[in-house]
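Down below is the structure, laid out as structure tokens.
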Amino acid sequence: MTVMTALAHAPLACEGLSLRLGDREVLQDIDLSVMPGETLGVVGPNGSGKSTLLKLLAGLRTPSSGSVRLLGEALERMPRRRVAQSLALVEQQADTLDAISVYDAVALGRTPWLSALAPFGADDRAIVEQALADADAGHLRRRLWGELSGGERQRVHIARALAQRPQVLLLDEPTNHLDIQHQLSLLRQVQALPVTTLVALHDLNQALTCDRLAVLDQGRLVALGKPEVVLTPERLLGTFGVQAHYLVDPYDGARVLRLCVRS
Amino acid sequence: MSRLLPISAFALFALCLAMLAGIAIGETRISAEVVWQVLANQLWQAGHALDPIDAGIVWNYRLPRTLVAAACGAGLATCGVILQALLRNPLAEPYLLGLSAGASTGAVAVGLFGLGGAVLSLSAGAFIGALAAFALVLVLSRASGSRHDNSQVILAGIAGSQLFNALTAFLITKSATAEQARGILFWLLGNLSGVRWPAVWLALPVALLGLAVCLWHRRALDAFTFGADSAASLGVPVRRTQWLLISCTALVTAVMVSIVGAIGFVGLVIPHALRLLLGPGHSRLLPASALGGALFLIVADILSRTLIAGQVIPVGVVTALIGAPVFALILVSRRGRP
């Protein structure tokens with residue numbers, strides 16, 4: 001497959017994507033394509049533009065230049081509803097003061113599929129149930145938003161995104177508030193789903209489990225490829241300012257990153 | 001779903017009962033039977049023999065007054081629901097966008113200076129003033145705001161309100177006699193006294209149409225639960241929806257203010273009270289708030305006519321006097337629940 005046909009088949013791709021706020025270049029000239037079914041991790045230090053990139057790819061912000069293609073179509077020309085039928089975004093901190101139940105919050109994911117007169121049908125209920133189960137949030141369904149812990153809220157957001165039945169899923173640091181068990185299980189669950197996923201991550205050891213990684217530094221894409229190729233000790237020192245060693249876990253032979261502050 | 005029908009039936013029954021009370025109770029008490037006979041005569045020529053004065057009071061004064069009270073209550077409560085949902089601010093209410101301030105300036109300009117010649121009534125002046133203030137707030141918030149930022153709308157509304165309130169105060173202190181100032185103050189606090197049938201034909205369709213437009217967008221309103229970005233990622237065209245629904249509330253509010261003055265509290269408290277009782281889903285909250293607002297304002301109007309014999313208290317004073325304690329009661333009784 002040539003590069004051009006690969007790009008045409010990528011569920012989500014961007015070309016020359018830039019965003020300038022005032023005279024600050026938040027993102028500069030990002031070329032990226034996510035392949036069908038893969039999990040692409042986006043890593044980078046604070047302020048490197050990870051969340052902004054996700055917002056641009058979801059069409060929530062308009063880029064200063066460049067373009068995004070979703071399922072082969074130019075994103076800026078697609079109606080919002082059709083974008084939401086193909087792509088779901090889980091933001092870092094979406095909160096509400098409303099006393100909404102977990103079930104109703106997840107049911108919001110059906111919004112792009114329901115017209116004004118359509119009732120919330122049996123199909124929708126089944127999809128919501130499945131989404132609750134996939135995000136391990138089924139037991140929370142009757143709880144109110146205000147009663148949930150940070151990690152539980154995160155799982156409800158993910159369930160809502162899954163209820164959209166997207167082909168492309170964007171996750172902005174989804175493991176931030178999760179306990180260790182859910183941190184480990186969540187990424188595995190997401191990777192097992194038949195969706196193309198782009199996930200911004202802080203934890204570099206979690207990033208190692210992605211199919212490919214994109215490294216952002218000060219708004220630029222500085223590396224893209226297999227995790228072990230991309231996350232070299234030199235790059236970790238240059239981009240993150242940390243010293244890194246790979247260790248091999250004697251238990252299962254997995255490569256583990258050990259990081260420490262530059263001495 | 002199974003409970004929906006009996007609850008709706010009960011709510012409509014309560015509304016009819018309140019309207020009956022609104023027509024029967026007043027300086028001249030009229031029995032429910034006479035009210036019914038007047039309505040029957042007017043609606044299908046039943047041919048009951050009635051005192052023409054009673055018939056006139058019922059048909060020309062109290063029925064239009066009650067209908068307008070219901071329409072205003074429903075319209076203002078609906079607008080409150082919409083603005084609280086779109087702006088994600090619990091203090092949002094129909095007058096947030098500078099409408100009442102603009103209306104008062106318009107009404108004062110017409111009332112004191114006869115602006116617009118004899119063509120413009122006080123109501124028309126209020127309507128134009130309200131829309132002028134809204135336009136200013138809209139331009140200000142657009143010029144200053146980023147794409148999904150609601151705080152700009154709220155701040156622009158505060159600035160617009162302050163400006164028009166100051167204008168009103170300036171005009172009154174500069175030109176009004178004590179008697180004129182009293183009249184204007186009375187009008188500003190809400191007044192259903194002069195309401196006749198033409199006002200009904202304006203208020204009722206506007207309230208119903210506003211409710212219908214909002215109900216059509218109920219799912220989009222639900223999608224704003226987690227903010228504008230979240231609504232956008234759920235497929236809602238955020239700007240278009242905000243613009244359409246905010247303009248719709250502005251139009252409804254401007255019509256209501258121009259008919260009855262700036263009745264406060266209904267648009268703020270009724271949506272909150274019903275959200276506490278029913279939850280945040282708009283398919284239930286919108287019709288419930290419309291009904292609740294209608295009931296509330298009918299009852300407030302009855303009280304405004306009967307609390308002090310021979311004197312009408314501005315209905316806005318009554319809405320606050322009974323609304324504040326009732327709301328406090330609901331808040332306290334829900335304490336401890338999430």
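All values derive from a computational prediction rather than experimental measurement. Every chain is numbered from 1 and lettered A, B, ... according to where its sequence line falls, protein lines coming before strand lines.
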Item to check | A/Leu97, CG: over 12 other non-hydrogen atoms inside 6.0 angstrom | outcome: no
Item to check | B/Arg219 (side chain) donor-acceptor with A/Ser115 (main chain) under 3.5 angstrom | outcome: yes
Checklist entry - If you count heavy-atom pairs under 4.5 Å between each of B/Ala220, B/Gly279, B/Gly227, B/Ser230 and chain A, which one has the most? => result B/Ser230
Item to check | For A/Ala84 against B/Ser233, the heavy-atom pair lying closest together | outcome: CB-O, 3.4 Å
Checklist entry - Is A/Gln189 atom CD crowded by more than 12 heavy atoms from other residues, nucleotides or ligands, each under 6.0 Å away? => result yes
Item to check | Which residues share a side-chain contact (heavy atoms from CB on, under 4.5 Å) with A/Arg165, sequence neighbours left out | outcome: A/Arg110, A/Ile127, A/Gln130
Item to check | Taking every non-hydrogen atom, the tightest pair across B/Thr225 and A/Ile100 | outcome: CG2-CD1, 4.0 Å
Checklist entry - What are the two closest non-hydrogen atoms of B/Pro280 and A/Ala99, and how far apart are they? => result CD-O, 3.5 Å
Next on the checklist: With a 6.0 Å cut-off (strictly less than), is the heavy-atom count around CZ of A/Arg212, excluding the residue itself, greater than 12?
Outcome noted: yes
Checklist entry - Is it the backbone or the side chain of A/Pro166 that comes under 4.5 Å from a heavy atom of chain B, or both, or neither? => result neither
Checklist entry - Quick one: is the NZ or CZ of A/Arg160 closer than 6.0 Å to the six-membered ring centre of B/Phe226, and within 45° of its axis? => result yes
Item to check | Among the listed options A/Leu117, A/Leu170, A/Leu114, A/Val90, the residue most often paired with chain B at heavy-atom distances under 4.5 Å | outcome: A/Leu114
Next on the checklist: Using heavy-atom distances under 4.5 Å, tell me whether A/Ser101 contacts chain B through its side chain, its backbone, both, or neither.
Outcome noted: neither
Item to check | Side chains of A/Arg80 and B/Val236 in contact at under 4.5 Å (non-hydrogen atoms) | outcome: no
Checklist entry - Which residues pass the salt bridge (charged side-chain N to carboxylate O under 4.0 Å, His left out) test with B/Arg88, sequence neighbours left out? => result A/Asp98
Next on the checklist: Looking only at heavy atoms and a cut-off of under 4.5 Å, which of B/Leu215, B/Asp222, B/Leu234 has the most pairs with chain A?
Outcome noted: B/Leu234
Checklist entry - Which answer fits A/Asp95, side chain, backbone, both or neither, if we ask what part of it has an atom under 4.5 Å from a heavy atom of chain B? => result backbone
Next on the checklist: Does any backbone or side-chain atom of A/Trp145 lie under 4.5 Å from a heavy atom of chain B? Answer side chain, backbone, both or neither.
Outcome noted: side chain
